[in-house]
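The next block holds one structure in the form of structure tokens; read it before the comments.
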Amino acid sequence: MLYVFLLGGMASLFIIFFKPFDIENKADLWYFNLILLSMGLIFSLSIYGMEFWIPGLFKSRFKKWTLGKAILWYTWLLLFVSAVMFLAKSFFGGFSDFTVLEYVYVTGRIAGIGLIISFFTLGIFSYFNNRTIASLSSNEQYQITAPNAKPITLHLNEVLYIVSDDNYVDIHIKSKKGRSKIVFRSSLKNIESQIVHPLSPLYRCHRRYIINATYFKVKSRKSRNASLELVPFGDEIAVSSRYASNILEQIEALHQESK
């Protein structure tokens with residue numbers, strides 16, 4: 001989510017300072033830059049809606065992700081975002097250039113600027129270190145929803161681990177008293193879809209467990225029965241072979257960075 005909104009902001013600043021495709025304040029309007037910044041926000045919101053809301057509504061369509069589906073999806077994403085930006089541009093311009101040809105031009109500009117800014121934004125992520133940005137993401141509040149359950153709010157940096165228990169999950173939380181537990185009616189997969197992402201400190205390590213890597217150390221590294229230990233509480237969490245390689249590397253990298 002942070003990446004999407006950073007992308008929109010960087011795109012607006014890129015247009016303001018470098019004026020690509022002859023986009024500049026020829027009418028000398030004082031609010032021109034504000035319009036460009038708002039266009040960046042609209043750009044981010046349209047991508048966020050397509051990338052996060054739509055897959056959540058049509059989960060079955062996104063289970064088996066192939067190269068062909070990816071090409072079709074991102075082609076549609078480009079056309080959709082271009083349509084939103086075209087409508088926003090037309091609105092701010094009083095619909096003076098509301099034509100199919102202008103929509104084609106907007107699509108080309110979105111593709112060109114988006115490609116440039118994507119590489120530039122990825123460079124910023126690499127420069128500041130993914131862990132630094134992840135720490136910002138972990139401080140965000142997440143509202144967790146599930147069918148037939150009252151939503152709950154979580155801070156990712158307070159989550160120790162989450163364990164599946166039939167139709168419920170037990171969410172172990174770091175608190176002022178040491179730790180506490182929230183019992184929530186949901187599947188672990190539903191929880192995973194809402195809070196596990198590239199900038200999250202949470203990782204799936206087993207069919208029953210999601211853990212916060214910052215609170216664990218590797219206890220056993222055997223190929224078939226690797227396990228983790230919760231520091232300082234001592235809980236032992238199993239790691240399945242499916243996730244072992246990734247999660248063990250992540251935890252060891254965290255410990256090396258903290259030294």
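Looking at every heavy atom in both residues, K217 comes nearest to I251 through CA-CG2, 3.9 Å. In this structure, T99 and F86 approach most closely via the heavy-atom pair O-CZ, 3.4 Å. Taking every heavy atom of both residues into account, A88 and M39 meet most closely at CB-SD, 3.7 Å. For V239 against A244, the heavy-atom pair with the smallest separation is CG1-CA, 3.5 Å. Closest approach of Y203 and N246 over heavy atoms only: CD2-ND2, 4.1 Å.
Here the side chains of L228 and Y209 are not in contact, with every heavy-atom distance at 4.5 Å or above. Residues L188 and R204 have side chains in contact (heavy-atom distance under 4.5 Å, counting atoms from C-beta outward). Under the 4.5 Å side-chain criterion, counting only non-hydrogen atoms from C-beta, R207 is not in contact with K189. At least one side-chain heavy atom of E192 sits less than 4.5 Å from a side-chain heavy atom of I210.
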Next on the checklist: Under the criterion side chain to side chain contact (heavy atoms under 4.5 Å, CB included), I'd like the reasoning laid out for F216 against E229: C-alpha separation, chi angles, the key distance, then a yes or no.
Outcome noted: CA-CA 5 Å; F216 282 84; E229 182 179 337; 5.7 Å; no

Next on the checklist: One pair to check against side chain to side chain contact (heavy atoms under 4.5 Å, CB included): I113 and I15. What are the steps and the verdict?
Outcome noted: CA-CA 8 Å; I113 295 173; I15 294 171; 3.9 Å; yes

Next on the checklist: Quick one, I211 with V159, criterion side chain to side chain contact (heavy atoms under 4.5 Å, CB included). Give me CA distance, side-chain angles, the key distance, then yes/no.
Outcome noted: CA-CA 8 Å; I211 60 109; V159 176; over 6 Å; no

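Both F95 and I35 are members of a single hydrophobic cluster when ILVMFWY side chains are connected at heavy-atom separations under 4.5 Å. Y168 and I162 fall into different hydrophobic clusters, where Ile, Leu, Val, Met, Phe, Trp and Tyr are joined by side-chain heavy atoms under 4.5 Å apart, directly or via other members. Hydrophobic clustering of Ile, Leu, Val, Met, Phe, Trp and Tyr side chains at less than 4.5 Å, counting indirect connections, unites F92 with L41. Cluster membership for I42 and Y105, using ILVMFWY side-chain heavy atoms within less than 4.5 angstrom, is not shared. There is no path of hydrophobic side-chain contacts, each under 4.5 Å, that joins F80 to V104.
Annotation: the span from S46 atom OG to L77 atom CG amounts to 7.5 Å, rounded to 0.5 Å. The CD1 atom of I173 sits 11.0 Å away from atom CG of D170, with the distance rounded to the nearest 0.5 Å. Separation of atoms CZ (R185) and CG (D165) is listed at 12.0 Å; rounding is to 0.5 Å. Of the inter-residue distances, the one linking D166 atom CG with S187 atom OG reads 12.5 Å to the nearest 0.5 angstrom. From L156, atom CG reaches atom OG of S200 across 5.0 Å, with rounding to the nearest 0.5 Å. The NZ atom of K181 lies 12.5 Å from the CG atom of L160; values are rounded to the nearest 0.5 Å.
In this structure, Y161 has its ring center no closer than 6.0 Å to that of Y215.
Take K174 and apply the side chain to side chain donor-acceptor pair (under 3.5 Å) test, not counting sequence neighbours, and it matches no residue. Applying the side chain to side chain donor-acceptor pair (under 3.5 Å) test to E236 and every residue at least two apart in sequence or in another chain returns K219, S227. Considering only residues two or more places apart in sequence or on other chains, R179 meets the side chain to side chain donor-acceptor pair (under 3.5 Å) condition with H172, D235. When the side chain to side chain contact (heavy atoms under 4.5 Å, CB included) test is applied to P147, no partner is found at least two apart in sequence or on another chain. Applying the side chain to side chain contact (heavy atoms under 4.5 Å, CB included) rule to S245 yields the partners E249; only residues at least two apart in sequence or on another chain are considered. Residues satisfying the ring-ring contact (aromatic ring centres under 6.0 Å, His included) test with F17, not counting sequence neighbours, are none. Judged as a side chain to side chain contact (heavy atoms under 4.5 Å, CB included), and not counting sequence neighbours, the contacts of L78 are S82, T107, I110, A111. I152 pairs by the side chain to side chain contact (heavy atoms under 4.5 Å, CB included) definition with I144, L154, I171, I182, F184, not counting sequence neighbours. Here S186 pairs with N190 under the side chain to side chain donor-acceptor pair (under 3.5 Å) rule; sequence neighbours left out.
A donor-acceptor pair shorter than 3.5 Å cannot be found between the side chains of Q194 and Y142.
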Enumerate donor-acceptor pairs with a distance under 3.5 Å from any side-chain N or O in residues 7-14 to protein atoms, sequence neighbours excluded.
unit_1, atom_1, unit_2, atom_2, d
S12, OG, G8, O, 3.4
S12, OG, L36, O, 2.8
S12, OG, G40, N, 3.3

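Legend: ring pair (Phe, Tyr, Trp, His ring centres under 6.0 Å) pairs involving residues 226-253, not counting sequence neighbours: none detected. Residue pairs meeting the side-chain hydrogen bond (donor to acceptor under 3.5 Å, both in side chains) criterion with at least one partner in residues 83-97, sequence neighbours excluded, are K89-E102.
Between the side chain of H155 and the main chain of N157, no donor-acceptor pair closer than 3.5 Å is present. Under a 3.5 Å cut-off, the side chain of T153 and the backbone N or O of Q143 do not form any donor-acceptor pair. Between the side chain of N212 and the backbone N or O of E158, no donor-acceptor pair lies under 3.5 Å.
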